[in-house]
Peer 1: 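One structure, pasted below without further comment.
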Amino acid sequence: MIYVEIVLENKTRVTDRIYTYKVDEQYKHDVKIGKRVIVPFGKGNKKRLGIIVNILDEVNFKFELKYIYKIVDKNPIVTTDLIELAFYMRDRYLSDFSSAFQTVLPPGNWKDLEEVYFVNENSINDLDGETYNFFIKPRSYEDIQKKYPNLNITELLENNILKTKYIIKNSIKERKTYFYEYNKNFKLKSIRKNAKSQIKIIDYLKNNGKTEIKKLLKNTSTSSSVLKTLEKKEAIIKIEEVSYGKVIEENEIYKKITLNNEQKEIFNKILKSENNFNLIHGVTGSGKTEIYLHLTEQILKENKSVIILVPEISLTPQTIERFSGRFPNQVAVLHSKLTPTEKLEQWQQIENGDYKIVVGARSAVFAPVKNLGLLIIDEEHDTSYYSEKNPKYNTIEVAEYRTRQNNAKLVLGSATPSIESYYKAKEGYYNLFTIMNRATNSSLPKVNIVDMREELKAGNTSIFSSKLKEALEENLSLGNQSILFLNKRGHTSYIFCRRCGYVEMCQHCDVSMTYHKRSNRLVCHHCGRTKYKPNICPNCGSRYIKEFGAGTEKLEEECRKLFPDANIYRIDGDTNTGKNTYTNLYNKMKNKEIDILIGTQMITKGFDFKDVTLVGIVAADISLNVGDYKSSEKTFQLLTQVAGRAGRGESTGNVFIQTYKPGHYSIMASKNHDYESFYNLEIEYRKRFKYPPFYKLLNIKVSGKNRTQTRLKLFEILRYIQNNIKKEKLKNIEIIGPNPSPVNRINDFFRFDIHFKFEKNDLDFLKIIKRVLIEDEYKINLTGFKLSITVNPISFF
DNA sequence: AGCACGCCGACT
DNA sequence: GTCGGCGTGCTC
């Protein structure tokens with residue numbers, strides 16, 4: 001007897017485990033790991049979709065197992081490597097099986113089952129014509145109820161007039177094309193001489209071979225009924241082929257550039273090194289992309305595949321052009337703007353080996369390439385590499401796992417590496433390569449810091465400092481382009497004093513307090529302490545203390561007032577809706593139809609605007625005061641990236657950073673283009689306050705309709721965890737909470753958090769969490785509650 | 001999450 | 001005597 005272990009398509013935590021089924025003799029040779037199966041499940045033997053993850057010869061169960069109902073796939077739809085990866089993710093990120101598998105399976109293949117009813121061909125006389133025709137196409141129960149509410153389906157099934165089968169709900173259909181081919185074994189004599197059309201078709205197919213139906217009918221000017229006749233006579237054979245739409249336009253060739261000595265050295269070292277993990281720290285414009293392209297070329301020569309990941313936001317036509325322009329017709333693209341069908345088609349073509357290069361956003365790390373040889377993560381510091389949905393994976397860790405599986409090279413690149421990655425490089429876990437100079441010989445921009453407190457003292461309360469205003473005026477008169485950057489995000493804003501720059505901080509934690517509009521209170525997300533919003537500044541006594549939050553829209557308004565003759569263009573989440581927004585923007589910039597471009601993060605990635613000579617960062621403090629352990633890092637990265645947009649052409653760029661905290665180290669370091677000194681300060685802070693990379697973080701969030709009960713539920717969970725920590729004598733685990741979540745209520749659900757800090761190598765702690773919350777050792781009743789676990793959240797709160 | 005089972009009250 | 005409300009417990 002053969003047994004299979006399967007993972008079910010699932011919505012609940014409770015049934016989220018592996019189930020074992022028997023395999024009937026008739027399917028014995030058909031079972032393979034990675035195929036989907038339909039199985040009877042539960043007391044009602046309701047049919048469920050599952051995927052085979054293991055095949056066994058013997059098992060030891062105290063009860064009788066059930067037989068699988070049916071095998072869905074002819075061939076496995078996922079490789080064992082990727083199944084292994086799904087298991088790894090469930091373990092590492094404490095997610096459920098179902099969503100861990102969702103990420104590695106082809107898009108749209110892991111959904112609910114639906115039972116459909118269709119007619120038995122032999123019973124044509126048992127139904128009236130209309131009903132019979134209705135049931136030629138398989139119909140769902142609801143569709144039948146709508147059309148024929150009084151039809152007795154059960155009786156029709158019993159009498160074998162209707163049959164049923166299971167389909168996957170809303171699954172994506174393959175695009176199919178049909179061809180005809182001449183059957184060589186056909187005896188021509190059986191065609192009558194006066195059958196002109198038939199002969200015409202046969203002659204055509206004999207001369208031209210396999211032909212698509214449309215083309216065949218057009219070129220022979222015949223009708224499809226003739227084809228039907230010939231098909232019946234078996235003179236011609238119908239062939240069905242899956243066809244694919246194109247996602248990438250034919251691009252201009254992107255010329256190969258010879259690497260300079262610095263780039264060449266890195267290229268060679270990456271290829272030769274024993275260590276497969278690499279980090280390239282190169283200033284903006286240092287030519288990292290060119291190194292990627294050369295590496296890709298080399299790996300392709302070795303007949304291996306390449307995955308290139310870029311942040312979703314920078315997956316602009318310009319980025320895609322570079323790769324598809326250098327490697328025409330070899331590049332697949334995966335990102336969120338594709339339709340489900342396009343996604344599936346790209347996926348299938350990658351799986352077929354039609355494409356050896358995949359460019360995509362984070363989920364492309366799971367692309368089913370054959371023989372992975374190189375995985376590149378560009379802008380590796382970007383937060384979009386953290387998944388916010390289950391499994392809440394870190395793309396870099398997954399990439400490490402996948403490249404290790406395939407003995408492939410991993411290359412991370414950034415102008416501002418994340419503290420974690422740079423630390424790993426310094427520890428020797430990654431090879432570290434540093435490029436200090438721009439490849440194009442253009443120099444790094446000159447960065448000016450504007451102290452906004454001085455502006456206020458001088459009586460300037462507008463968004464623009466006088467220095468930035470003057471610089472904009474001058475740049476406009478010279479006919480050059482400018483970018484204004486304002487990163488307005490989040491719904492809660494902080495409170496600060498416009499006169500002295502004072503920001504309300506928590507007295508017990510080193511973070512700024514967040515203003516909650518609803519309760520008109522300031523809350524510390526760290527310890528949960530609150531206080532009233534002050535009306536006068538506790539530091540200087542001024543009344544200029546207030547909620548901060550001017551967005552890009554306001555900025556645009558002010559800008560138009562100030563420069564009525566300039567061409568001003570704004571791009572942010574609100575304006576970036578259409579498919580061609582990026583292309584339009586790019587062309588407008590290139591044609592100099594825009595003088596001042598206003599935008600959020602969007603404009604900082606994936607674009608090279610050669611003629612931009614001035615960049616103004618309107619409010620550098622926004623990301624600094626979010627009250628998170630990563631806020632300094634984020635600010636430094638953002639400022640450096642935005643500043644890097646300036647002066648990529650021949651003339652030197654100018655950058656103005658407006659801030660109320662001119663002395664802050666992340667602002668100082670970005671002014672001086674000094675990553676190293678920023679890193680040295682930041683890593684000390686991380687060490688002292690037990691943050692990554694020295695400690696790991698874990699967040700448990702529970703939400704529920706009732707405030708008190710939700711809070712108590714979290715205390716109950718914590719109690720089990722604490723007992724285990726005590727039992728196993730684990731040390732150095734810091735517990736913060738349960739506290740209300742930053743946004744305490746969403747959709748009438750109250751949310752509470754517990755945060756843990758634990759030593760980075762303490763796997764025992766993770767095992768405790770797994771036992772308590774995933775394997776459910778204590779049978780914690782969570783009906784009515786939602787539970788969410790995040791391992792290594794990017795933002796602690 | 002579903003679904004079946006079972007125990008209790010209301011109604012024929 | 002039996003129909004159905006919903007609380008409880010299980011799913012290979």
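To find a chain, count down the sequence lines: A is the first, B the second, and so on, and within it residues start at 1.
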Peer 1: Which is true for A:Y21 with a 4.0 Å heavy-atom rule: it touches a base, it touches only sugar-phosphate, or it touches nothing?
Peer 2: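 Sugar-phosphate only.
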Peer 1: How long is the line joining CG of A:N60 and P of C:dC12, in whole Å?
Peer 2: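 About 18 Å, once rounded to whole Å.
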Peer 1: Run the numbers on A:F366 and A:Y393 for ring-ring contact (aromatic ring centres under 6.0 Å, His included), then give the verdict.
Peer 2: CA-CA 12 Å; A:F366 303 107; A:Y393 63 91; 5.1 Å; yes
Peer 1: If you measure from the Lys or Arg side-chain nitrogens to the Asp or Glu carboxylate oxygens, is any gap between A:K28 and A:E25 under 4.0 Å?
Peer 2: yes
Peer 1: Tell me the interatomic distance from A:K47, atom NZ, to C:dT11, atom C1', rounded to whole angstroms.
Peer 2: 14 Å
Peer 1: Figure out the CG/P separation between A:D776 and C:dC10, and round it to whole Å.
Peer 2: 13 Å
Peer 1: At under 4.0 Å between heavy atoms, what does A:R13 touch on the DNA or RNA strands: base, sugar-phosphate, or nothing?
Peer 2: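 The residue A:R13 makes no contact with any strand.
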Peer 1: Please work out if A:V59 contacts a base, only the sugar-phosphate, or nothing of the nucleic acid, heavy-atom cut-off 4.0 Å.
Peer 2: nothing
Peer 1: How many Å lie between NZ on A:K11 and C1' on B:dC3, as a whole number?
Peer 2: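 After rounding, the gap between these two atoms is 15 Å.
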Peer 1: Does NZ or CZ of A:R711 lie under 6.0 Å from the centre of the six-membered ring of A:F750, at an angle within 45° of the ring axis?
Peer 2: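 So A:R711 doesn't make the cation-pi contact.
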Peer 1: Rounded to the nearest Å, what distance is computed from the OH atom of residue A:Y67 to the P atom of nucleotide C:dT11?
Peer 2: 19 Å
Peer 1: Could you check A:K43 against A:G784 and say which one's nearest nucleotide on DNA chain B is further toward the 5' end?
Peer 2: A:G784
Peer 1: Considering every strand and a 4.0 Å limit on heavy-atom distances, what is the contact class for A:F61: base, sugar-phosphate, or nothing?
Peer 2: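 Base contact.
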Peer 1: If you find the nucleotide of DNA chain B closest to A:G44 and the one closest to A:F41, which residue's nucleotide is nearer the 5' end?
Peer 2: A:F41
Peer 1: Is A:K22 positioned over the aromatic face of A:Y67, cation under 6.0 angstrom from the ring centre and no more than 45 degrees off axis?
Peer 2: yes
Peer 1: Under 4.0 Å between any heavy atoms, over every strand shown, what does A:K46 touch: base, sugar-phosphate, or nothing? Just pick one.
Peer 2: sugar-phosphate
Peer 1: Could you pull out the closest heavy-atom pair between A:K713 and A:F785, with the gap in Å?
Peer 2: CE-CE1, 3.5 Å
Peer 1: Taking CD from A:E64 and P from C:dT11, how many angstroms apart are they, rounded to a whole number?
Peer 2: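 Taking atom P of C:dT11 as the reference, CD of A:E64 is at 14 Å.
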Peer 1: Students often get this wrong, so: under 4.0 angstrom with heavy atoms, is A:K66 touching a base, only sugar-phosphate, or nothing?
Peer 2: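 Answer is sugar-phosphate: A:K66 comes under 4.0 Å of backbone atoms only.
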Peer 1: Please give, in whole Å, the distance from B:dA1 C1' to A:L782 CG?
Peer 2: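 That distance rounds to 14 Å.
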Peer 1: From CG of A:D16 over to C1' of C:dT11, roughly how many Å is that when rounded to an integer?
Peer 2: 13 Å
